[in-house]
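In what follows, every heavy atom counts, from backbone to side chain, and hydrogens, waters and symmetry copies are set aside.
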Amino acid sequence: MPVDLVSALYRSMQRMRQFELKIQHTYRSGVMPGFIHLYVGEEAVAAGVCAHLSKDDYVTSTHRGHGHALAKGVPVNEAFAEIWGKPSGINGGRGGSMHIYDPACGFLGTNGIVAAGIPIATGAAMATALRGDGHVAVSFFGDGAVNNCAFHEGINLAAALLLPVVFVCENNLYATETPFHRVTKNTNVSTRGAAYGIPGIRIDGNDVLEVHRVAGEAIARARAGEGPTLIECETYRPLGHFEGDPGTGYRSKDEIAEWKLRDPIDRLAKNAVQSGAMKEAELLKIEREVELEIEAAYEFAKASPEADPATVTHFVYA
Amino acid sequence: MPVDLVSALYRSMQRMRQFELKIQHTYRSGVMPGFIHLYVGEEAVAAGVCAHLSKDDYVTSTHRGHGHALAKGVPVNEAFAEIWGKPSGINGGRGGSMHIYDPACGFLGTNGIVAAGIPIATGAAMATALRGDGHVAVSFFGDGAVNNCAFHEGINLAAALLLPVVFVCENNLYATETPFHRVTKNTNVSTRGAAYGIPGIRIDGNDVLEVHRVAGEAIARARAGEGPTLIECETYRPLGHFEGDPGTGYRSKDEIAEWKLRDPIDRLAKNAVQSGAMKEAELLKIEREVELEIEAAYEFAKASPEADPATVTHFVYA
Amino acid sequence: MPEDRSIQYVEASVEGLQEEMRLNSSVFYIGQGIGARGGNFKQSKGLWEEFGDKRVRDMPISELGQVGMGVGAAMAGARPVVDIVFLDMIMEAMGQIVEQAATIHYTSNGKIKVPLVVRAAMGSARCTGPHHSRCFYSWFAHIPGLKVVLPSSATDVKGLMKTAIRDDGPVIFIEHKFFYNKKGPVPTGEFTIPFGQANVCRKGKDVTILAMSLMVWHAMDAAAQLEKEGISVEVIDPRTIVPFDEQTLLESVHKTGRLLIVDEAQSFCGFSAEAAAMVASKAFDSLDAPVSRLGALHTPHPFNPVLEAAMLPSVDAIVTEVRRLVAS
Amino acid sequence: MPEDRSIQYVEASVEGLQEEMRLNSSVFYIGQGIGARGGNFKQSKGLWEEFGDKRVRDMPISELGQVGMGVGAAMAGARPVVDIVFLDMIMEAMGQIVEQAATIHYTSNGKIKVPLVVRAAMGSARCTGPHHSRCFYSWFAHIPGLKVVLPSSATDVKGLMKTAIRDDGPVIFIEHKFFYNKKGPVPTGEFTIPFGQANVCRKGKDVTILAMSLMVWHAMDAAAQLEKEGISVEVIDPRTIVPFDEQTLLESVHKTGRLLIVDEAQSFCGFSAEAAAMVASKAFDSLDAPVSRLGALHTPHPFNPVLEAAMLPSVDAIVTEVRRLVAS
Ligand SMILES: Cc1ncc(C[n+]2csc(CCOP(=O)(O)OP(=O)(O)O)c2C)c(N)n1
Ligand SMILES: Cc1ncc(C[n+]2csc(CCOP(=O)(O)OP(=O)(O)O)c2C)c(N)n1
Ligand SMILES: [Mg+2]
Ligand SMILES: [Mg+2]
């Protein structure tokens, strides 16, 4: 286990986890508008994939996209403020949780529309291919997106044009309260790659090193001009679908408990210590550093001035 | 070879062929409005599939749907008149070639929108399943439809709900002038069934007996409640995409000539005579009978009164 | 009608569905999360338990497929109700609605009916943002063949839901998120409310306000305030914008000579433009002042609460605009 | 400008595209049949030969995917032109246009621009029927963030195409099928036409006609006939309905006191309702008669030629309506 990689992945996942828990805490205090979907428990996917991306590569994300945003490099302060709807947010608080955009790091948006980010990623890949600059696009989406028309056309087109894009499905078994298997005949998402003539692979999405390895290969293939890959990451959402949903009514306590044992952050920590790659103390140090970072982000967002109503008509037309 | 079946399939294909050639002739004379897409060369698909359907089963069709309409039982006279835009048409000439509807025989429409008929067939199947009356729905569509979002959602939903519907792709290698392989990575349509967890099979779409056999199995499965099947019929469009397109600019003369050798009607005739199932004379008799039928249809349509402008506002709201 | 009960808008809506499903076995209901979950907004509570998977079916995230299925099922003799939940999510289904559902009865020469109800919830509710707040009902009204329903009370939502399900053509049935958990009086027992009959929510003589959905409530609040200033406001809710009850509106304007149209949607090229143009033409000589339109600002929905409030028509803005109108 | 040549509308349109593609290597063009085939309407003739697969790419029948790709490519720094060919086929792409393209610049606080041109052809042309004739440009105008272009001449289509490609936001560029093979004068050499500048096609003093796209031609024919009767008609073509040049129209109405709006689309809840409402309000005291709207009948497009003719606004109908209007 390469120490630098392990500590980087650990820090990345800690950042997402602590960020989300702080958002949750703040939201529950009643000061945050709108509704939010937390990424807790799925951090290995964003961390493992985005570790291979530079700020010039592109990512499209989902309604559950805070983790993707952080992993791709959206500044923690501005991300926190955005979700809070503050003018100091990365988009001035005009977008909020489901509309986070940061071109400075190639982050082409969380998205309120399921699967909408898939063809958008294909398009971003087309733009880099046109420039021939060797960059790639990655689209994250859930199991729910697989049954949507945009999944079909977005991936099918990318395959036809052999574009540098990687499609990453976060299969957490549910779309809101609906089990994937209740509304889908073929629940093995990875096998759908064949329909489009591209490789499809299913992996343990809570094993960050596995995600990192497989994503690395797919991204390398994309950069080499060998076209798209579909990666299905099996993962789970221990919390509710959105903040406010207890997340229990439609799932057994055992199922939730069982998946908590597979928490990606705990697993990497255990793994790292057992393999001797890192010491407890080193991991703890990272955890503490991230804590300060998140605390500062909260303070940054909290301190933001209120919005000026006059700006409501800005930026309608470019 | 069961004689009754052979002669029925031969008559059905002859009817489609002669109908289309008469439409072509009439259109070229300049009296027909709009634009039309002829089914010539693909008759084996509609004939083989529809031979298994009763008037209580449902069919959805395409822009190239005259053959499907006739095979499903739309009266020849009213079909001809409709395509001609005459008030004596099955829909009073309000629809024309791409909008032929006849509930009396379960024909839910040709369609101007590629792939739109696919989810509609799934819905018709849902209605019969709800009534539990044991009927099925069949959706015909082209290779072009496979790349469309409605293909994905229509089939995926039918699979999830295990509905009695059969999806029949008429893969004639081109969508307008665009070769399927130019815009599609995986050109084996039948393999896409697996993505939806349903059987997919590729067959010679110009062999009417093969189509009849395979469609029979699929329709039986559907009636038995075993869910949808995707059948890819390899066929060809010897004429242009629409009347007016020479159909040559984007295809080699050899390719066209080679496919003409595989003409489904000639093949059945040859086959029937060689196997001794039918005599030349018997086939010729059918051909002549159909000729009279088509001639009568032309006269029927020609004799129609003109439309009353006052009817333009009828039937906007049910 | 027997005396009323006070129940939630969403409960009244479910009652309408439930009663029609009991009356007619060809009615079925599909949508995301409307099964065991009982609906994101509780808008299907109890239906799955009563009617089971066969008639109340959870859907994958396939709006195009859902509506397409609805069209096909309706053509094949069923009476589907397709729930889109958030109206914003209907976009991919637009082709099935506009090209198929809306045209088939016409082009089939009346041979095929498409008794399809597309149900969805629209509007802003505490910063739902650009992808969960739109009110583009005018799109449907622009398309021949579609009826468009905008119920603004518990009684209306039940009575209109029953009428929608019994209608032989495609009906776009749009509730408002904000209404769902609000209580209101609903008659006991069987009743329906016809399409094309506006509701004069409040009688007045100085100015007429035409408002739809949530804006009806805002208009009523504004009217109550204005009454204290001695301004008498008549508030009209069309309830269905297709068919549109021109008569009731024109009679009111002939009386008041002044019209304000309040619309949660942007008014540019929308229904409030239509109503304004219609009145300006058909009540040309009765108008004492130009018709005034108060719609959402012509911007996407901002997430920030201050900006969202600035974007949407408010009770205060209505009051101010009415004052200006009567003074002019 | 140097003296004009007479070339086809479609040739002028291609020239605009071609010139911009030569000027800016980030412009690319995708659509069905626009490659080797040169376009269903010859609307891409020669481009594939010059720019190759990389910048001129045939697409499968994936309108949603095409437009979604356009959105993503535009966000990533390219300037895509996405050809839908028949406007009717844009339905499945509506979500990408409305929820994504139209909102991203706004919600990103101006950080991301979406310089996307969506090109399509609309309108009736000898019985194209219900699925190939619609003119629902008002939908786009109703959505904040989208610009909407309706070129009615060879010169306009070239100049506006160049402006559309240079625009930093999403532009819906709608040509008319009927125009493509019609010749018209086009200036030689470089020129652009700005958005939001109406074209006064004909000066007059008795009545103003506002018309879009093909209806501009009908209006000009009607005006020529009416002149013989001594009725002087001013014909105004907005050219872009977003941005909408209100000033030019208002000045004309202040002068004539009478306005007829001619629209190939149904006028209910559409742009002609908007223009009528705007004028009725802002020229309240100048109007000598109610604004009149002549749109398509509120029906789907029938295939039968007699019915289609009855459904669409004709030169005769315009003449008759203008006579009535000046007499009133
Ligand atoms: C096109 C569309 N339909 C419906 C919704 C409402 N919705 C929001 S999140 C969600 C579930 C998404 O499930 P999945 O894709 O598996 O992502 P997860 O929430 O599990 O991470 C739904 C149905 C939407 N946002 N977009
Ligand atoms: C959604 C949609 N996009 C584009 C078109 C224009 N169009 C009409 S037919 C056709 C080609 C269809 O090809 P295919 O499905 O293979 O059927 P074929 O013509 O080969 O029988 C196209 C692109 C359309 N009718 N619908
Ligand atoms: Mg999920
Ligand atoms: Mg084909």
Name the orientation class of the two ring planes belonging to B:Phe35 and D:Phe86 (parallel below 30°, tilted from 30 to 60°, perpendicular beyond 60°).
-> parallel
For [X] against [Y], the heavy-atom pair lying closest together:
{"X": "D:Leu307", "Y": "B:Pro309", "result": "CD2-CA, 4.0 Å"}
{"X": "B:Cys149", "Y": "D:Glu92", "result": "SG-CG, 3.5 Å"}
{"X": "B:Val316", "Y": "D:His298", "result": "CG1-O, 3.6 Å"}
{"X": "B:Val183", "Y": "D:Met59", "result": "CG1-C, 3.7 Å"}

Verify side-chain contact (heavy atoms from CB on, under 4.5 Å) between B:Thr178 and D:Gln32, making sure each step is shown before the conclusion.
-> CA-CA 8 Å; B:Thr178 308; D:Gln32 293 161 38; 5.9 Å; no
Heavy-atom distance under 4.5 Å to chain D: side chain of [X], backbone, both or neither?
{"X": "B:Ala307", "result": "both"}
{"X": "B:Ile36", "result": "neither"}
{"X": "B:Asp245", "result": "neither"}
{"X": "B:Phe151", "result": "neither"}

For D:Pro305, is it the side chain, the backbone, both, or neither that has a heavy atom closer than 4.5 Å to a heavy atom of chain B?
->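 Side chain of D:Pro305 only, per the 4.5 Å heavy-atom cut-off to chain B.
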Contact class of D:Met89 relative to chain B, heavy atoms under 4.5 angstrom =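 Side chain only.
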More than 12 heavy atoms from other groups under 6.0 Å of [atom1] on [X]:
{"X": "B:Lys22", "atom1": "NZ", "result": "yes"}
{"X": "D:Trp48", "atom1": "CH2", "result": "no"}
{"X": "B:Lys302", "atom1": "NZ", "result": "no"}

Sub-4.5 Å side-chain heavy-atom contact between [X] and [Y]:
{"X": "D:Asp53", "Y": "B:Arg182", "result": "yes"}
{"X": "B:Thr313", "Y": "D:Leu297", "result": "yes"}
{"X": "D:Arg37", "Y": "B:Thr176", "result": "yes"}

Which of D:Thr299, D:Asp88, D:Ile61, D:Asp58 touches chain B most, by non-hydrogen pairs under 4.5 Å =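 Most heavy-atom pairs under 4.5 Å with chain B: D:Ile61.
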Relative to chain B, which of D:Ser62, D:Pro130, D:Ala310, D:Gly65 shows the most heavy atom pairs under 4.5 Å?
->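 Between D:Ser62, D:Pro130, D:Ala310, D:Gly65, the count favours D:Pro130.
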If you measure from CG on D:Asn40 to NE2 on B:His241, what distance do you get to the nearest 0.5 Å?
->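 Between D:Asn40 CG and B:His241 NE2, I get 7.5 Å after rounding to 0.5 Å.
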Among the options B:Arg94, B:Glu177, B:Met98, B:Glu306, pick out the one with the most heavy-atom pairs lying under 4.5 Å from chain D.
->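 Looking at each option in turn, the highest pair count goes to B:Glu177.
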Taking B:Ala150, B:Gly85, B:Ala145, B:Gly89 one by one, which has the highest count of heavy-atom pairs under 4.5 Å against chain D?
-> B:Gly85
Among B:Asn91, B:Thr311, B:Val312, the one residue meeting side-chain contact (heavy atoms from CB on, under 4.5 Å) with D:Pro302 | B:Val312
